[in-house]
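Single-structure report; data block below.
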Amino acid sequence: MRRPFVRRELAQLRKDGFNTIIVVVPWRSFQSSQTPIAYDGFYERQLRLVLSEAQRAGVAVLLRVAYTHQVMLRPLLNGFQWAQALLTDPAIEDVWLDYFAQISRISGDYPCCMGGFISWEELWHAFRVWQEQTGEANIAAAKASGYLDYLEAQGIAHEGRIPAKQSPAHGDYLAFANARMAEMFELARSRWPALGVEYRVDKDPVPSEDGVHWRDNEAFLDWEPNRFSYWAPFMGAENVGEQLSAEQAAVLLRYMLETTSHDGLHPGQVVEQFNFVDNTQKYLGTHAKIADDEIDEFLQLALPLLRRYSRGYGLWASRDYRMSILFNGALLDNGRGWTVTKPSHVRRAGGVRLVQGGRLAQRIEPRLAWVQRNHSTTELTLELNFLRWRGFGASKLRVRVNKGAWAICEASSKGTLSAQVAVDLKDVFDDGIDFEIENHGRTLTITRIFLYHETYVNGIRDSVANEGPLLQMIQKFNAQLANYVEPVEEENGEEESAEERPDEFIVAEDKDVEDAEVERAAGNTGEDGNDEGDKACDPKR
């Protein structure tokens with residue numbers, strides 16, 4: 001992130017009616033070394049930049065912490081393997097807890113920081129991967145994970161292995177996973193008291209003699225008001241590609257809010273992913289969606305529900321964003337992660353001046369290369385922002401991935417270059433990414449690079465902040481939510497005044513991939529591309 005960009009975006013968010021942003025602080029990048037413990041000065045400066053500018057702009061900040069799904073160059077472990085190491089290695093647990101203490105120290109310098117949260121996602125899939133093991137590997141996982149110790153402490157008979165999802169004993173494994181996560185989250189909160197938790201709203205199926213029992217997960221009610229949740233229209237829907245009316249979607253939202261708040265007894269949650277629009281590509285045509293011409297009416301029906309059962313809402317995201325697979329596409333911090341041939345060079349302000357004949361390249365290892373396996377694409381989209389240098393003639397670049405065919409792109413003025421780049425996704429999974437750019441035209445300065453296979457569209461603003469089709473609706477919604485007065489109810493002939501509600505969060509989660517330097521974990525996967533999962537409802541996906 002660059003300061004002028006941060007200031008412009010915060011001003012725009014305020015104009016659109018938001019009062020809070022969510023900033024992702026990835027554990028494995030922010031903490032640059034575990035032995036010995038060390039923190040990355042660049043990441044800390046980036047965090048302080050956002051916090052100081054938010055303080056200046058009068059915008060509150062929530063931090064999503066312990067995130068493990070970002071694109072990285074090293075180490076050679078994906079997010080799930082790190083989570084498993086955290087759950088089984090006391091030494092990794094100690095350095096993880098030190099990370100929360102460091103976040104506490106930094107955030108304490110900025111009154112605008114209202115705290116933050118850790119998501120169940122950071123640990124949940126570690127348990128899923130353990131459960132997928134077979135044979136001796138499953139038996140070893142049952143012991144290493146602590147599952148057998150848990151069963152014995154509970155007096156539950158077992159077969160010395162993790163049960164399959166189709167087994168009635170799956171309920172015991174779910175109980176273990178919830179208990180273990182709660183234990184870890186409590187430890188983290190001991191280091192940062194302002195920590196909240198995004199709990200698993202999803203229900204999980206457990207076979208029983210009389211059919212399937214849908215099991216609730218730990219709701220962390222005693223953490224109120226530091227609870228965070230999520231919602232999307234497919235949660236509870238039939239999900240056969242149907243389009244919902246405003247009334248149908250509102251019924252589903254009400255059900256989620258009533259059940260997670262215990263009929264309003266615990267209304268302190270923030271629905272920090274209020275995904276009333278969700279265009280995750282792998283579910284298009286399957287997941288239920290709100291009909292386009294019903295969205296405005298749905299938002300009006302959602303107003304009293306959010307005021308009664310929550311402390312506010314957040315969007316994922318306030319801008320459409322390109323799900324880029326590159327590291328440091330903004331070319332900051334002296335071009336970290338990139339190699340540049342001389343006399344081309346990295347600029348102090350960020351970006352690379354690439355002379356004719358110059359080459360810019362990046363290598364990402366296979367287990368860290370972030371691409372979804374479920375995408376069948378044979379090409380990726382390159383978008384490159386640049387500044388023209390002195391001289392005559394056209395700017396001409398050629399680009400390739402993993403020694404594949406070169407793609408050519410040309411431009412004759414300041415702006416953007418784009419191209420479609422051939423790629424073999426299996427090659428990416430097996431061998432990682434070798435990305436190369438060569439300049440065969442006039443000198444130019446590259447300021448930002450995106451290489452992506454999907455754009456997440458929310459309809460508020462596009463990726464360069466132009467007005468989207470839903471912007472005016474959300475501006476109206478924000479204004480109404482901030483000034484909403486709950487109707488006075490009459491009971492037994494007596495009027496009751498509306499209960500005063502806590503300050504509302506109206507959140508824009510900053511997920512411009514290259515500006516936040518982290519990537520949305522898409523699919524049921526994170527980094528390893530594993531497309532398995534039994535999600536009854538998962539709006540991040």
Side-chain angles (χ1 to χ4, degrees), residues 22 24-27 62-70 78-87 93 96-97 99-100 115-131 145-147 150 165 170-171 173-189 192 195-206 214-232 235 256 259-261 266 268-275 310 314 316 509 518 520-527 530 532-541:
I22 294 174
V24 178
V25 186
W27 166 36
L62 294 167
L63 304 179
R64 176 171 175 177
V65 292
Y67 194 83
T68 57
H69 305 290
Q70 75 277 13
N78 63 34
F80 304 149
Q81 292 166 324
W82 264 109
Q84 289 176 334
L86 169 63
L87 289 164
E93 178 185 300
W96 185 70
L97 293 176
Y99 157 83
F100 287 96
F117 61 95
I118 182 172
S119 172
W120 60 273
E121 286 190 324
E122 311 311 334
L123 298 180
W124 183 265
H125 296 298
F127 296 99
R128 175 181 59 79
V129 172
W130 272 324
Q131 190 174 34
S145 66
Y147 178 55
Y150 170 83
K165 295 176 184 176
H170 178 51
Y173 188 63
L174 290 174
F176 161 69
N178 275 277
R180 188 72 179 93
M181 287 196 301
E183 179 183 10
M184 295 300 291
F185 295 165
E186 287 287 359
L187 285 173
R189 188 165 64 155
W192 186 28
L195 180 67
V197 61
E198 180 199 75
Y199 60 95
R200 182 170 165 82
V201 175
D202 310 68
K203 299 176 184 291
D204 290 283
V206 176
W214 287 90
R215 180 189 178 92
D216 290 321
N217 289 286
E218 173 62 52
F220 295 90
L221 294 177
D222 59 336
W223 283 45
E224 191 176 13
N226 296 322
R227 294 195 305 143
F228 298 82
S229 63
Y230 48 87
W231 180 83
M235 295 171 68
M256 188 280 281
T259 54
T260 57
S261 69
H266 300 275
Q269 65 185 317
V270 177
V271 187
E272 43 85 19
Q273 288 188 56
F274 182 47
N275 297 331
S310 80
W316 186 306
E509 184 155 12
V518 292
R520 176 174 180 263
N524 283 329
T525 64
E527 300 159 54
N530 187 345
E532 299 300 322
D534 62 341
K535 310 294 288 175
C537 46
D538 188 346
K540 298 190 192 55
R541 304 308 189 214

Go through the steps for Val270 and Phe117 under the test side chain to side chain contact (heavy atoms under 4.5 Å, CB included), then give the verdict.
CA-CA 11 Å; Val270 177; Phe117 61 95; over 6 Å; no
Show the numbers, then the answer: is there a ring-ring contact (aromatic ring centres under 6.0 Å, His included) between Phe220 and Tyr199?
CA-CA 7 Å; Phe220 295 90; Tyr199 60 95; 7.3 Å; no
Pair Trp120-Glu218, side chain to side chain contact (heavy atoms under 4.5 Å, CB included): steps then yes or no
CA-CA 10 Å; Trp120 60 273; Glu218 173 62 52; over 6 Å; no
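Taking 4.5 Å as the limit, some side-chain heavy atom of Tyr173 sits within range of a side-chain heavy atom of Trp130. Two residues are said to be in side-chain contact when any heavy atoms from C-beta on lie closer than 4.5 Å; Glu122 and Val65 fail this criterion. At least one side-chain heavy atom of Leu87 sits under 4.5 Å from a side-chain heavy atom of Phe127. Taking 4.5 Å as the limit, some side-chain heavy atom of Gln273 sits within range of a side-chain heavy atom of Glu198. Using a 4.5 Å heavy-atom cutoff, the side chains of Trp96 and Met184 are in contact.
For the residue pair Tyr150 and Ala179, the shortest heavy atom distance occurs at CE1-CB, 4.1 Å. Nearest heavy-atom pair across Leu62 and Gly116 is CD2-N, 4.4 Å. Here the closest non-hydrogen pair linking Gly268 and Glu224 is N-OE2, 2.6 Å. Residues Arg215 and Ala175 share a closest heavy-atom pair of NH2-CB, 3.3 Å.
By the side-chain hydrogen bond (donor to acceptor under 3.5 Å, both in side chains) test, Gln131 is found to be paired with His170, residues two or more places apart in sequence or in another chain being considered. Under the side-chain contact (heavy atoms from CB on, under 4.5 Å) criterion, Asn217 pairs with Trp124, Asn178, Arg200, Asp204, sequence neighbours left out. For Glu93, the salt bridge (Lys or Arg N to Asp or Glu O under 4.0 Å) test picks out no residue, with sequence neighbours left out.
Below 30°, between 30° and 60°, or above 60°: for Phe185 and Trp223 the angle between ring planes is above 60°, a perpendicular geometry. Using the six-membered ring where Trp is involved, His125 and Phe80 have ring planes that are tilted, between 30° and 60° apart.
Here the CG-CG distance, from Leu195 to Leu63, works out to 10.0 Å after rounding to the nearest 0.5 Å. Atoms OG and CH2, from Ser310 and Trp231 in turn, are 13.0 Å apart once rounded to the nearest 0.5 Å. Separating the OG1 atom in Thr68 from the CG atom in Leu86 is a distance of 9.5 Å, to the nearest 0.5 Å. Rounded to the nearest 0.5 Å, atoms CD1 (Ile118) and CG (Asn226) are 13.5 Å apart.
Without hydrogens or angle criteria, Tyr99 side chain to Ala66 main chain gives a donor-acceptor distance under 3.5 Å. Under a 3.5 Å cut-off, the side chain of Gln84 and the backbone N or O of Ala126 do form a donor-acceptor pair. Within the 3.5 Å criterion, the main-chain N or O of Val271 finds no donor-acceptor partner in the side chain of Gln269. Side chain of Arg227 to backbone of Ala219: a donor-acceptor contact under 3.5 angstrom is found.
The side chain to side chain contact (heavy atoms under 4.5 Å, CB included) test with Glu183 singles out one residue from Glu186, Arg180, Met181, and that residue is Arg180. Tested against Trp27, the residues Phe100, Tyr67, Trp82 include a single ring pair (Phe, Tyr, Trp, His ring centres under 6.0 Å) partner, Trp82.
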